[in-house]
Each structure stands twice: as C-alpha cells, then as structure tokens.
Amino acid sequence: MTSTRRVFVERLLDWYHENGRHALPWREDSRTAFEILVAEVLLQRTTASAVEGAYVSFVARYPTPACLVAAPSDRLVDAIEPLGLTKRAGHLERCSAQLWERYAGRVPAERTALLSLHGVGEYTARSVLIHAFGEHTVAVDTNVRRLVSRFFGIDPHSDALGETADALAPEGRSGDFLHAMLDFAASVCRAREPRCDSCPLRTRCRRFESGRASRIERSQ
DNA sequence: AAGTCGGGGTG
DNA sequence: CACCCAGACTT
C-alpha cells in the first residue's frame with residue numbers, strides 16, 4: 001500500500017466518522033440480508049434521500065421474500081413509483097420468487113448466486129456481500145467511480161479502476177469504507193462543482209493538482 | 001455497445 | 001432548465 005493510498009483511506013474514514021450519513025435506515029445493524037438487498041435495489045440510480053422516504057414502510061410491509069411475492073403487483077408499483085424506474089417492482093417480485101424457489105427464502109452469500117437473481121448486478125451483489133455478510137471487497141458505483149478516477153487520475157471506464165478500488169478496502173472495515181466513499185462523493189467530490197476548497201484529500205488529488213496547474217497557467 | 005427506464009432534487 | 005442519482009436489463 002503506497003503512502004498516497006494510505007492517506008486516501010485514512011482521511012476518508014476520518015471524514016466519514018465526523019460527516020457520514022450514519023442515520024440512513026438501511027444502515028442499521030439490525031437489518032436482515034433481505035432488507036439490505038431491498039435497499040440496494042431501491043438505491044439503483046436513485047438518491048439516498050429519495051429512498052429514505054419510502055424504505056422504512058416498504059420493508060415493514062414486505063420483510064421477507066414470501067411477503068413480497070404474496071403482495072399485489074399494483075401495490076409494489078405504487079410504493080416504488082415516487083422513486084422512478086418502476087420496473088424495479090417486477091425485478092423485486094421475480095427476485096423474491098427466485099430466492100424462495102432456489103434458496104428457501106434466504107439471501108445467498110455467494111457472488112455468483114446473487115448475480116443470478118433478477119435485478120441484481122455487479123454493484124448490488126457486492127454491496128450485499130459487504131453489508132450483509134461482511135465480505136472484504138469493494139463495490140464500484142457512480143460515486144466510487146468518480147471519486148477514484150479523479151483522485152488517482154484513472155480512466156473511469158478502465159479495468160484498472162475496479163482493481164485500484166478493490167486494493168483500497170481496509171481489512172475488516174469494508175462496509176464503513178464503502179459508505180465513506182459514497183457519502184464523501186455525494187457531498188464533497190460531487191459530480192457537479194466538487195467542493196475542492198474544503199476537501200481533505202485535495203493535497204494528493206490528481207484532478208485538483210492538474211486543475212491548480214492550469215489555473216496558475218491562466219493567471220500568468 | 002448502445003438504448004432505455006424515471007420521478008425528484010440540485011446547481 | 002439541464003444535469004444527476006448506491007444500475008441492470010433488453011435489444
């Protein structure tokens with residue numbers, strides 16, 4: 001682990017301790033694997049603040065795959081409608097049926113088994129492994145992709161990005177680390193107008209340094 | 001590999 | 001008002 005990588009991880013975890021969105025309902029320790037899986041599906045391309053408004057009542061009403069399969073499809077669509085991408089109602093329905101048929105209603109703890117579920121892709125599978133089963137890995141979403149590509153100066157679409165991100169996860173703290181990257185990228189390393197002036201990583205950030213160089217260039 | 005889904009928040 | 005959001009499925 002290089003010095004820059006160590007600084008990235010440590011400053012990110014420090015920032016997260018002080019500024020993380022620790023109260024998000026799906027981060028509660030008591031959540032079941034199924035409740036975590038439901039959260040990950042609802043969060044696909046959807047802001048955490050939007051999911052906050054629908055999540056608690058949703059998992060209270062459909063706490064298990066059997067409950068969800070038994071629900072009228074219309075009710076599932078109604079619950080997801082304010083989040084957009086309402087096809088996820090059907091995804092959850094099929095996913096729950098598959099959980100019941102193949103895994104006795106339990107969420108499997110293997111990546112390939114998770115990927116076989118409808119509506120579960122690479123990100124969602126890894127996120128469930130991390131948060132429900134404590135696996136030591138990283139899940140790359142739009143936030144992680146943006147943060148890692150900017151800081152390390154890596155092409156966002158290259159294979160190197162995922163490998164770089166995976167090597168960063170601190171042993172035994174994969175969950176906190178992923179949450180730290182998500183929260184940090186959502187509020188500091190934002191897609192539009194990142195807050196570099198107050199960023200604790202800026203002294204080592206490739207994007208900030210290159211931006212500083214070009215600003216000096218213009219001022220002379 | 002590209003297209004599509006989507007309501008809601010934000011700069 | 002254009003852009004973006006804890007992506008995955010279909011074509």
Side-chain angles (χ1 to χ4, degrees), chain A residues 12 16 19-28 31 33-59 73 76-99 107 111-133 135 137-150 155-159 161-162 165-166 168-169 174-198:
Chain A
L12 213 49
Y16 175 68
N19 308 289
R21 299 176 288 187
H22 304 288
L24 291 173
W26 50 90
R27 293 185 181 179
E28 293 168 6
R31 292 298 175 193
F34 182 70
E35 289 173 334
I36 291 170
L37 173 56
V38 169
E40 300 303 339
V41 172
L42 297 184
L43 284 163
Q44 290 166 1
R45 300 299 287 180
T46 309
T47 57
S49 61
V51 176
E52 251 190 305
Y55 180 73
V56 175
S57 60
F58 190 92
V59 292
S73 299
L76 296 176
V77 172
D78 290 346
I80 294 179
E81 201 273 338
L83 305 179
L85 297 177
T86 54
K87 68 171 94 172
R88 289 179 291 178
H91 291 178
L92 281 174
E93 212 167 13
R94 289 181 58 180
C95 175
S96 296
Q98 292 168 333
L99 286 172
V107 177
R111 175 174 161 278
T112 53
L114 287 164
L115 286 173
S116 75
L117 300 168
H118 196 76
V120 177
E122 195 65 46
Y123 173 80
T124 302
R126 287 174 176 271
S127 192
V128 168
L129 288 174
I130 292 167
H131 294 121
F133 301 110
E135 185 154 318
T137 184
V138 161
V140 177
D141 79 317
T142 175
N143 292 290
V144 174
R145 186 174 303 284
R146 182 176 63 248
L147 172 59
V148 171
S149 67
R150 284 178 176 174
D155 174 7
H157 303 296
S158 67
D159 294 341
L161 191 141
D166 210 49
L168 294 169
S174 294
D176 280 348
F177 182 61
L178 178 56
H179 285 156
M181 289 199 287
L182 297 177
D183 293 359
F184 185 82
S187 70
V188 179
C189 199
R190 305 182 297 184
R192 288 180 289 175
E193 300 184 40
R195 294 170 168 156
C196 301
D197 50 347
S198 62

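Numbers restart at 1 for each chain; the letters A, B, ... are given by sequence-line order, proteins then strands.
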Over all strands shown, is G84(A) touching base, sugar-phosphate only, or nothing at heavy-atom distances under 4.0 angstrom? base
Is the phosphate of dC5(C), meaning OP1 or OP2, less than 4.0 Å from a side-chain N or O of T142(A)? yes
Nearest to the side chain of E81(A) - dG6(B), dA6(C), dG7(B)? dG7(B)
Say you pick atom C1' in dG3(B) and the same atom in dA6(C); how far apart are they, in whole Å? 22 Å
Choose from dT10(C), dA8(C), dG6(B) the nucleotide whose nearest atom is closest to any side-chain atom of R94(A). dT10(C)
In terms of the nearest nucleotide of DNA chain C, which residue is placed more toward the 5' end: A125(A) or T46(A)? T46(A)
At their closest point, which heavy atom of A48(A) faces which heavy atom of L43(A), and how far apart are they? CA-CD2, 3.8 Å
Any base atoms under 4.0 Å from S127(A), or only sugar-phosphate, or nothing? Heavy atoms, all strands. nothing
Would you say the base of dT10(B) and the side-chain of R190(A) have a donor-acceptor pair closer than 3.5 Å? no
Phosphate OP1/OP2 of dC5(C): any R146(A) side-chain N/O under 4.0 Å: yes
Classify the ring geometry between Y16(A) and H179(A) as parallel (under 30°), tilted (30 to 60°) or perpendicular (over 60°). tilted
Of L83(A) and S49(A), the one whose nearest nucleotide on DNA chain B sits closer to the 5' end is L83(A)
Measuring from the side chain of H118(A) (C-beta onward, heavy atoms only), which nucleotide among dG6(B), dA8(C), dC9(C) has the closest atom? dC9(C)
Would you mind classifying the nucleic acid contact of A50(A) as base, sugar-phosphate or nothing, using non-hydrogen atoms under 4.0 angstrom? nothing
Side-chain donor or acceptor of R192(A) under 3.5 Å from a matching atom on the base of dC4(C)? no
From CE of M181(A) across to P of dC5(C) the rounded distance in Å is 15 Å
Presence of T124(A) side-chain N/O under 4.0 Å of dA8(C) phosphate oxygens OP1/OP2: yes
Under 3.5 Å, is there any donor-acceptor pair linking the side chain of R145(A) to the base of dA6(C)? no
Would you indicate whether D197(A), at its atom CG, is surrounded by more than 12 heavy atoms from other residues, nucleotides or ligands within a distance under 6.0 Å? yes
Can you tell me if T137(A) and R111(A) form a side-chain donor-acceptor pair at under 3.5 Å? no
How far, in whole Å, is dG6(B) from dT10(C) if one measures between their P atoms? 13 Å
What's the OH-C1' distance between Y16(A) and dA6(C), to the nearest Å? 13 Å
Could you please name the option among dC5(B), dC4(C), dC9(C) that lies closest to any side-chain atom of K87(A)? dC5(B)
Can you work out whether V120(A) or R21(A) has the more 5'-proximal nearest nucleotide on DNA chain C? R21(A)
For D78(A) and dG7(B), what is the distance between atoms CG and P respectively, to the nearest whole Å? 14 Å
Taking atom types as modelled and ignoring hydrogens, do the side chains of T124(A) and Q44(A) form a donor-acceptor contact shorter than 3.5 angstrom? yes
